[in-house]
Protein chains: 2
Amino acid sequence: MSKYRSNTVEDFAEIFKALSNSHRLTIYRRLSSCCAPGSGCGSEADMRRCVGDLGRDLGIAPSTLSHHIKELRRVGLIRVERRGQRMECWIDPDVLDALTGFLSRSAVD
Amino acid sequence: MSKYRSNTVEDFAEIFKALSNSHRLTIYRRLSSCCAPGSGCGSEADMRRCVGDLGRDLGIAPSTLSHHIKELRRVGLIRVERRGQRMECWIDPDVLDALTGFLSRSAVD
DNA sequence: TCGATATTTCGACATACTTCGAATTATACT
DNA sequence: AGTATAATTCGAAGTATGTCGAAATATCGA
């Protein structure tokens with residue numbers, strides 16, 4: 001039931017670019033230790049983490065953190081939703097699947 | 001018998017950066033339609049492609065192509081060896097495995 | 001309503017990246 | 001030796017990225 005479909009090589013290049021910064025990659029991995037909503041491998045609270053938590057101990061300014069979150073969101077790797085004061089983030093598993101599929105699949109071109 | 005071992009998040013970020021340019025990603029995918037040497041899924045000739053072939057129809061200057069090949073090589077994604085006038089390239093399957101493993105594995109941190 | 005907490009937006013700056021053309025190196029062929 | 005082909009190195013130019021601080025927005029609690 002993968003609803004995600006990325007079309008071009010450019011799309012995937014953008015996704016890789018989002019993971020090409022060590023701060024963003026760390027953020028993404030911290031999220032990937034949680035589960036996707038609806039995947040039933042943890043409580044709701046375990047699936048999501050707020051922006052502040054994700055950037056803890058990274059040594060970057062809040063504005064920089066926000067910029068990185070925005071970038072991960074832009075390419076579709078993560079989803080974000082407000083919950084009170086916090087912005088809760090979680091991984092879009094479809095995009096991750098598309099990415100690993102893209103890597104292992106042989107090029108047509 | 002995976003002899004490749006990447007240590008840090010920074011290493012993986014570098015690998016993703018190498019794939020974050022659509023020209024380099026296209027080059028890499030053209031190579032991944034071949035097989036690794038020793039994997040026995042094709043003749044020797046099928047496993048490798050020279051720099052000029054990999055950059056065909058990409059619309060970039062030879063010097064730019066060379067720069068991209070160098071970058072893919074630097075992070076370990078591909079291997080290069082001279083064969084006469086040509087430089088033959090092929091994929092390092094260990095690094096690709098490490099990459100997909102890294103993506104699916106949960107973060108410890 | 002006022003202050004605290006969480007996050008974003010904006011503008012600025014330094015650094016890194018992509019690309020090119022010109023010149024250079026390596027190999028093959030005649 | 002001389003020429004052609006394949007690829008690299010170098011320097012330059014424009015663009016993109018990562019980062020910050022200051023100011024703004026959103027929500028919660030007293």
Side-chain angles (χ1 to χ4, degrees), chain A residues 8-31 34 45 48-90, chain B residues 8-31 34 45 47-91:
Chain A
T8 65
V9 173
E10 282 77 15
D11 291 335
F12 282 106
E14 286 279 288
I15 295 175
F16 284 125
K17 188 186 297 175
L19 297 174
S20 75
N21 174 276
S22 47
H23 289 148
R24 280 197 299 268
L25 188 52
T26 299
I27 291 167
Y28 186 74
R29 293 204 88 215
R30 284 179 179 178
L31 264 184
C34 317
R48 304 176 171 204
R49 294 181 68 183
C50 73
V51 169
D53 282 353
L54 290 172
R56 188 156 337 279
D57 299 323
L58 251 44
I60 58 177
S63 56
T64 305
L65 174 59
S66 181
H67 166 72
H68 286 322
I69 295 285
K70 193 177 178 182
E71 201 56 22
L72 288 169
R73 187 183 193 176
R74 186 180 67 81
V75 302
L77 279 168
I78 70 171
R79 300 193 166 256
V80 181
E81 195 177 60
R82 180 174 286 280
R83 172 99 123 202
Q85 283 174 292
R86 319 284 178 85
M87 295 295 278
E88 284 184 333
C89 310
W90 69 97
Chain B
T8 65
V9 173
E10 282 77 15
D11 291 335
F12 282 106
E14 287 278 288
I15 296 175
F16 284 124
K17 188 186 296 174
L19 296 174
S20 75
N21 174 279
S22 46
H23 289 148
R24 279 197 299 267
L25 189 52
T26 299
I27 291 167
Y28 186 76
R29 294 204 86 216
R30 283 179 179 177
L31 264 184
C34 317
M47 298 167 180
R48 303 174 171 208
R49 294 180 69 182
C50 72
V51 169
D53 283 352
L54 290 171
R56 189 158 333 281
D57 299 324
L58 250 44
I60 57 177
S63 57
T64 305
L65 174 59
S66 181
H67 166 74
H68 285 323
I69 294 285
K70 193 177 178 181
E71 200 56 22
L72 288 169
R73 187 184 194 175
R74 186 180 67 81
V75 302
L77 279 167
I78 69 171
R79 300 193 167 256
V80 180
E81 196 177 57
R82 180 174 287 278
R83 172 98 123 203
Q85 282 174 292
R86 319 285 178 86
M87 296 294 278
E88 285 184 334
C89 310
W90 68 97
I91 287 213

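In what follows, every chain begins at residue 1, and chains take the letters A, B, ... in the order their sequences are listed. Bear in mind that the values here come from a model prediction, so they are computed numbers and not experimental data.
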Student: What residues form a side chain to side chain contact (heavy atoms under 4.5 Å, CB included) with A:Val51, not counting sequence neighbours?
Tutor: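 If we apply the side chain to side chain contact (heavy atoms under 4.5 Å, CB included) test to A:Val51, skipping adjacent residues, the hits are A:Leu65, A:Ile69, A:Met87, A:Cys89.
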
Student: For A:Glu81, what residues pass the side-chain hydrogen bond (donor to acceptor under 3.5 Å, both in side chains) criterion, not counting sequence neighbours?
Tutor: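 For A:Glu81 the side-chain hydrogen bond (donor to acceptor under 3.5 Å, both in side chains) partners, ignoring immediate neighbours, are A:Arg48.
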
Student: Nucleotide by nucleotide, 5' to 3', does protein get under 4.0 Å of the base (B), only the sugar-phosphate (S), or neither (-) in nucleotides 24-30 of chain C, counting heavy atoms?
Tutor: --SBS--

Student: Nearest 0.5 Å, please: how far is CG in A:Leu54 from CZ in A:Arg29?
Tutor: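 Nearest 0.5 Å value for the CZ-CG distance: 14.0 Å.
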
Student: Hey, could you give me the NE2/CG distance between B:His67 and B:Leu72, rounded to the nearest 0.5 Å?
Tutor: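 The NE2 atom of B:His67 sits 9.5 Å away from the CG atom of B:Leu72.
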
Student: Quick one: A:Leu54 CG to C:dT7 C1', roughly how many Å, whole number?
Tutor: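 The answer, rounded to whole Å, is 13 Å.
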
Student: Can you check nucleotides 12-22 of chain D for protein contacts, nitrogen or oxygen pairs under 3.5 Å, and list what you find?
Tutor:
residue, atom, partner, partner atom, Å
D:dT17, OP1, A:Lys17, NZ, 3.1
D:dG18, OP1, A:Arg24, NH2, 3.0
D:dG18, OP2, A:Arg24, NH1, 3.1
D:dT19, OP1, A:His23, ND1, 3.2
D:dT19, OP2, A:His23, ND1, 3.3
D:dT19, OP2, A:His68, NE2, 2.7
D:dC20, OP2, A:Ala61, N, 2.7
D:dC20, OP2, A:Thr64, OG1, 2.8
D:dG21, N7, A:Ser63, OG, 3.3
D:dG21, O6, A:Ser63, OG, 2.9

Student: Please identify each residue that fulfils side chain to side chain contact (heavy atoms under 4.5 Å, CB included) with B:Arg73, with sequence neighbours left out.
Tutor: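 In terms of side chain to side chain contact (heavy atoms under 4.5 Å, CB included), with neighbours along the sequence ignored, B:Arg73 is linked to B:Ile78, B:Val80.
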
Student: Taking only residues two or more places apart in sequence, or in another chain, which ones meet A:His23 in a side chain to side chain contact (heavy atoms under 4.5 Å, CB included)?
Tutor: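 Here the qualifying residues are A:Asn21, A:Leu58, A:Ile60, A:His68.
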
Student: Quick one: B:Glu88 CD to D:dT8 C1', roughly how many Å, whole number?
Tutor: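 From B:Glu88 CD to D:dT8 C1': 17 Å.
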
Student: Per the end-axis method with five pairs at each terminus, what is the bend angle of the helix from C:dT1-D:dA30 to C:dT30-D:dA1, to 10°?
Tutor: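 Here the local axes at opposite ends form an angle of 20°.
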
Student: Looking at B:Lys70, does any N or O in its side chain come under 4.0 Å of the phosphate oxygens OP1/OP2 on D:dA7?
Tutor: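 No, outside the criterion.
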
Student: Which residue pairs pass the salt bridge (Lys or Arg N to Asp or Glu O under 4.0 Å) test with at least one member in residues 54-64 of chain B, sequence neighbours excluded?
Tutor: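 As it turns out, the salt bridge (Lys or Arg N to Asp or Glu O under 4.0 Å) pairs with a partner in residues 54-64 of chain B, which skip direct neighbours, are B:Asp53-B:Arg56.
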
Student: Would you mind reading off the distance between B:Leu58 atom CG and C:dT18 atom C1', rounded to a whole angstrom?
Tutor: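 In whole Å, C:dT18 C1' and B:Leu58 CG are 13 Å from each other.
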
Student: Does A:Ser66 use its side chain to pair, donor to acceptor, with the backbone of A:Pro62 at less than 3.5 Å?
Tutor: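 The answer is no, because no donor-acceptor pair under 3.5 Å joins these two groups.
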
Student: Test of understanding: with side-chain hydrogen bond (donor to acceptor under 3.5 Å, both in side chains), list the residues that count as partners of B:Arg74, not counting sequence neighbours.
Tutor: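 Partners of B:Arg74 under the side-chain hydrogen bond (donor to acceptor under 3.5 Å, both in side chains) test: B:Glu14, B:Glu71.
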
Student: Nearest 0.5 Å, what's the CZ-CD1 distance between B:Arg49 and B:Ile27?
Tutor: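 Those atoms lie 10.5 Å apart.
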
Student: Quickly work out the B:Arg86 CZ to D:dT8 P distance and round it to whole Å.
Tutor: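 Whole-Å distance recorded here is 13 Å.
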
Student: With A:Ser20, which residues qualify under side chain to side chain contact (heavy atoms under 4.5 Å, CB included), at least two apart?
Tutor: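 If we apply the side chain to side chain contact (heavy atoms under 4.5 Å, CB included) test to A:Ser20, skipping adjacent residues, the hits are A:Lys17, A:Arg24, B:Phe16, B:Lys17.
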
